Each structure stands twice: as C-alpha cells, then as structure tokens.
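Predicted, not measured: the structure shown is a model, and the values here were computed from it. Values reported hereafter were calculated over all heavy atoms of this structure, with side chains retained and with hydrogens, waters and symmetry mates removed. Every chain is numbered from 1 and lettered A, B, ... according to where its sequence line falls, protein lines coming before strand lines.
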Protein chains: 2
Amino acid sequence: MPSRPLNDYISVDCVIFGYNGQELQVLLVDRTLTNNSTGQPEFTDLTLTGNHIYEDETIEQAAYRVLFDLTGLKNVFLDQFKTFAHPDRLKKENDRRWLIHDGRDPDKRIVSIGYFALLATQNITLEWKGRNVKWVPVSEVGELAFDHNQILEEALIALRNKIKQEPIGFELLPEKFSLTQLQNIYEVILSTELDKRNFRKKIARMKYLIPTDEKQTGVAHKPARLYVFSREVYEKTKKELFDFTV
Amino acid sequence: MPSRPLNDYISVDCVIFGYNGQELQVLLVDRTLTNNSTGQPEFTDLTLTGNHIYEDETIEQAAYRVLFDLTGLKNVFLDQFKTFAHPDRLKKENDRRWLIHDGRDPDKRIVSIGYFALLATQNITLEWKGRNVKWVPVSEVGELAFDHNQILEEALIALRNKIKQEPIGFELLPEKFSLTQLQNIYEVILSTELDKRNFRKKIARMKYLIPTDEKQTGVAHKPARLYVFSREVYEKTKKELFDFTV
DNA sequence: ATAGTTAGTGTTACTTTAACACTTAATTAA
DNA sequence: TTAATTAAGTGTTAAAGTAACACTAACTAT
C-alpha cells in the first residue's frame, strides 16, 4: 500500500468527466471555508481532484488511486494528456487559495501531471470521505483555484482530439446503451449536431458496436435497442488508419 | 538566465528528430567512458538529450533551452507528448549506467517530461560543448540508458499521431522543399508507401503549400519545383475537421 | 382513443480515395 | 553529340464515403 510521497513537488491531477445522459460534467472538490463566528462561507473555492504520487507506484497508478478513492471504480478510462508547472507560484503567495490546499505548503506543489477520466455518472456514489465533491456541468464551471481552469481547458481539448480518433464515447455510458445516447456524447463533446441516419450508417461499418436483444424500458416512446461495445472486435479491426493531413 | 534547478527530481527529455533527406534520425548523447589505463571504452552508453528545469522558467522554456544549447536553433517545432516516472529506480542501483549521469545522484532523476522536436539536419552544427552528441537513424538505435528506449518509442507513436492530424512534415525540411521530399517524410514516419499522384492531389486541396518559382539545382534529373509552407494560410483554413471515429 | 415523444430507416448528389503508366528535363557517360 | 540514367510531373476511372433530407413505428400518459 502507498506510503510516503515520492516527492512533495509532484502531483497527479485528474479531470474526471462524467455524463448523466444530458451534459458533460466534471468532478470538483469544494474547499469552501466557513467562518467560525459568522457561519458564512468565507470564500468559495473549487479545484480538480488530485494527489501526490507515492514512492512505490507509477504515475498511472497514482491517477487510478485518486479515481478509486473518489468513485470506488477500478476499470475507468484514463488518459495522461499534459504536464503543467507553476514557475510563477511565488507571484501568488498573497493569494490565499494557494495556502490552504491539504494544509501542505502549496509552494511545493509545482508540477502536476494531468489525466482525464471518463465515466457514466448514474449509480456512482462519491466516496471521498471528509471531502466535499460534486459534479458540475462543464459549461457552468466558474473560476477554479490554482491553474485548474487551464488544466480543465487542456483536458477538454485532449478529449476532443481523442474522441475523433478512437471510439471512447461509450466510456461515458453504462455498459448497455442506445445509439442516440452515443450520438449525444459526440454532439456534446464536439459541440456540433450530427445527422441521425448518417451517424448510424457510420456505426454500421464499425463492427465493434454489438446490438443486444434488450431494449430501453419505462420510456414514454418507442424503446431504443441497446448496444454493447466489444473491445475484442475493436482490437482486431482497428488496423492502422493511414489517412493523414498533408 | 537560468540559475538553480527547480527540483532535482524533475527533468525534461527531448527526443530530437532529424531528417537528412533519407531517413528519420534521433540526436543521442554518447556517454561512453574510456578506461584510463587501457584507452579502451569501458562501456558504451547512449541517452536522449535532457536537462533540469530551472526555477525561473516554464517546462517548455526548459525544453527550448536544451534544444538551443545543442543546435543553436530557436524556432524549432516542439511538442510535449508524455511524462515518465521511474518508481522502480531502486531496483537499478547496481546498474552502473544509472550512476554516472552528469555526476549527479541518478536516484533523484525520477520524473522526466518528454518533448519531441523536429528539425532538418542539413546545415545544423551541433553545439553542446563538452558533450559528444550524434545523429543516429531511428531504425538503428540500440539499447539506450535509463528508460530512454521507452521514451523514444512513445515519442515515435506521438509523432505518427501528430502527423496524421496536422501538417508538420515540413518542420523536418529546409524552408524550401520539393513535394517528393515531403512525401518521403510521410512515408518514413508512417512506414508506408504513398502514391505520388494521389499525394499531390491531396496537397492541391490544401492551400498552405505555396509553389515558388525556384527549382532544384545540381540534380541529375528533371529538377523539382520548390514549395514553402504558409503558416498564415494554414491558420486561416484549418477550421475544425469534425470527422470522427465512432 | 389520442396526443406526445423518440426510434428507426433509404436515396441521391457530391466528394474523396485508390489504383494505375507515360512523358519531361536535367546530368553523366560513352 | 548522342544515349543512358534518374526523378519530376501529370489524368482517368471505379469504388467508397459524406451530406442532406422526411416519414413511419412503438411506447407512455392522459
């Protein structure tokens, strides 16, 4: 089990994206302080989730640990997208928000290795005891502490690039999902609208989306057929795509 | 100017790719030790180029500094592709190669932030005084020190992904280049063969490759027309490509 | 029963891709 | 000077993919 931090200066930050069937969300830690005498919040303060890397684990293991501690999930899509440094941290020494993180000296939190994770938010119960975490729609995220707005922005760029290249949309959905749900994922992430018939024709060419015999239940309209993603078929058929941009 | 290292544990490693008109190369540092009594090399040892991050610079500035110190070039294509850690470094304490790097304690060199750079190797004179650096064809790279084989492998993957999405091939060529040279870049990096006519038709659609009035000289065949890349036109026309993989 | 809602399905014009061979313009060798 | 050598440069066609477009089917709620 993890013991000592590898290094006080290095952490992983996880941009945990969730999808509730409507919109893309991100999991944030609320570090709002309440003034002891007035009972009013002294200031509100939100951050991404993150932690140190322990000396007996890889960076990736640290990122999975952060995820597991929060969600209890182990098989989550995770992608390292960029590493950030804060050489200008000294300029911020009067910014109170840099001084309370974890009670540690924030000056030491210099390098953060950014991961983004994808998960379906239904039937997830958040588990980080002693922390106040919540889902916030990406479109409604306000000012975050540290440079976390920048990290979130870069995570979104990485997510958009990734989804254009690999079929990762289903990672935001339950195991069985409808094609309309999948289409909505692409529309939300790429901020575009897609034609339903063309989308389904494209899917039909991909062999790794397998129709099941199940249908939606309890919906007040024609129930959609449910599909599953077959990683096995995907790995077999993904054969390098050699098209390129000159 | 850079002064103290930000942190002994963190470095940037630059995978510097070069193209000589024939094959893709990578710049390596030769740390071969010569035995004082016999005059024979005690062992050979190659690494990627890298250095610490200084406390008054960003990660990216550190990477540019490494590049500038070696090549004297400032406007080089540079892309941060992945960050690596070595939690298993203790297992390697009997491996001599981990003990001589820079004369520093190699145990401290734990996290390296990987960048890859692209440049044309003709008329580059290597400038890192006191270091023995050389170009090695990527296909002929043998065993490297530390985990540098892994870093190189990941850099190649990142380069292949990048060139499929953005026109960066010209970064490996002189300012003026022929279409055949550009095609060769794609063939070498993607390990494939491309049809000359189809390649040129694809280019014709892209407006940012501008023909000049100049031609090759001194070649024993029909001289090729030379082209330049227009970043200005590229930025105007790159408009999000919304095609995606389901 | 009917109103409301989302699922599911085909055709066509256009664009892109893939496969394929000969002529041109320079240098070098005879 | 002529011929040999080498890489540059160019067009057509069939197949596949993309984009644009509208109606019927199946379920729930009232």
Side-chain angles (χ1 to χ4, degrees), chain A residues 20-23 164-165 167 169 173-174 176-188 190 192-207 209-228 237-246, chain B residues 20-23 164-165 167 169 173-174 176-188 190 192-207 209-228 237-246:
Chain A
N20 58 2
Q22 300 287 314
E23 53 198 353
K164 284 189 209 168
Q165 299 217 288
L173 291 170
K176 292 170 183 170
F177 50 86
S178 73
L179 297 186
T180 298
Q181 287 175 318
L182 187 61
Q183 181 180 336
N184 285 342
I185 298 274
Y186 284 89
E187 292 180 332
V188 167
L190 297 175
T192 187
E193 292 195 3
L194 300 172
D195 181 273
K196 201 204 305 194
R197 282 175 286 192
N198 293 339
F199 182 82
R200 283 158 190 248
K201 259 179 288 181
K202 190 157 187 166
I203 278 177
R205 284 201 298 277
M206 311 300 163
K207 305 302 185 191
L209 283 177
I210 316 286
T212 70
D213 291 334
E214 290 180 58
K215 297 186 175 193
Q216 279 180 321
T217 53
V219 287
H221 54 77
K222 178 172 176 178
R225 178 179 294 275
L226 300 181
Y227 287 72
V228 294
T237 59
K238 77 173 156 183
K239 60 167 177 288
E240 287 301 329
L241 195 89
F242 269 123
D243 198 18
F244 59 95
T245 303
V246 181
Chain B
N20 59 1
Q22 300 286 316
E23 54 198 351
K164 284 189 210 169
Q165 299 218 289
L173 291 169
K176 291 171 183 170
F177 51 86
S178 73
L179 297 186
T180 299
Q181 287 175 318
L182 187 61
Q183 183 179 335
N184 285 342
I185 298 274
Y186 284 89
E187 292 179 331
V188 167
L190 298 175
T192 188
E193 291 195 5
L194 300 173
D195 180 274
K196 201 202 309 192
R197 282 174 286 191
N198 293 340
F199 182 82
R200 283 158 190 248
K201 258 179 289 180
K202 190 158 187 165
I203 279 176
R205 283 202 299 277
M206 311 300 163
K207 306 300 188 193
L209 283 177
I210 316 286
T212 70
D213 290 334
E214 290 179 57
K215 298 185 174 192
Q216 279 179 320
T217 52
V219 289
H221 56 77
K222 178 170 177 178
R225 179 179 294 276
L226 300 181
Y227 288 72
V228 294
T237 59
K238 76 174 160 184
K239 60 169 177 283
E240 288 300 328
L241 195 88
F242 268 124
D243 199 19
F244 60 93
T245 302
V246 182

Short question: side chain of A/E23, backbone of A/V188 - any donor-acceptor pair under 3.5 Å?
no

Any donor-acceptor N/O pair under 3.5 Å between D/dG17 base and A/K201 side chain:
no

Assign each of B/Q216 and B/R197 the nucleotide of DNA chain D bearing its closest heavy atom; nearer the 5' end lies the nucleotide of B/Q216

For atom CG of B/D243 and atom P of D/dA16, their distance in whole Å
18 Å

B/R200 (side chain) and D/dA8 (base): donor-acceptor pair under 3.5 Å:
no

Distance, rounded to the nearest Å, where A/K196 contributes NZ and D/dA19 contributes P:
18 Å

Ring centroids only, cut at 6.0 angstrom: are B/Y186 and A/F244 within range, meaning strictly under it?
yes

Rounding to an integer number of Å, can you tell me how far B/N198 CG sits from D/dG9 C1'?
14 Å

A/F199 versus A/L179, closest heavy-atom pair with distance:
CE2-O, 3.7 Å

Rounded to the nearest Å, what distance is computed from the CZ atom of residue A/F199 to the P atom of nucleotide D/dA19?
14 Å

Does a salt bridge link A/D195 with A/K202, judged by any charged N lying under 4.0 Å from a carboxylate O?
no

Taking atom types as modelled and ignoring hydrogens, do the side chains of A/R200 and A/T180 form a donor-acceptor contact shorter than 3.5 angstrom?
yes

Compare side-chain N and O positions of B/R225 against OP1 and OP2 of D/dA7 and report whether any pair is under 4.0 Å apart.
no

Can you check the B/L209 CG to D/dG9 P distance for me, whole Å?
13 Å

Between the main-chain N or O of A/Y227 and the side-chain N or O of A/T212, is there a donor-acceptor pair closer than 3.5 Å?
no

Using a 4.0 Å cut-off on protein heavy atoms (strictly under), produce a 5'-to-3' string for nucleotides 24-30 of chain D with B for base contact, S for backbone-only sugar-phosphate contact, and - for none.
-BBBS--

Please report, rounded to the nearest Å, how far the C1' atom of D/dA8 is from the CD atom of B/Q181.
12 Å

Nucleotide range of DNA chain C contacted by chain A, 5' to 3', under 4.0 Å to a heavy atom?
C/dG4 to C/dT17

Counting only N and O atoms by type, is there a donor-acceptor contact under 3.5 Å from the side chain of B/N198 to the main-chain atoms of B/K201?
no

Given 3.5 Å as the limit, does a donor-acceptor pair link the side chain of B/S178 with the main chain of B/A224, or not?
no

Backbone N/O of B/L173 and side chain of B/Q181: donor-acceptor pair under 3.5 Å
no

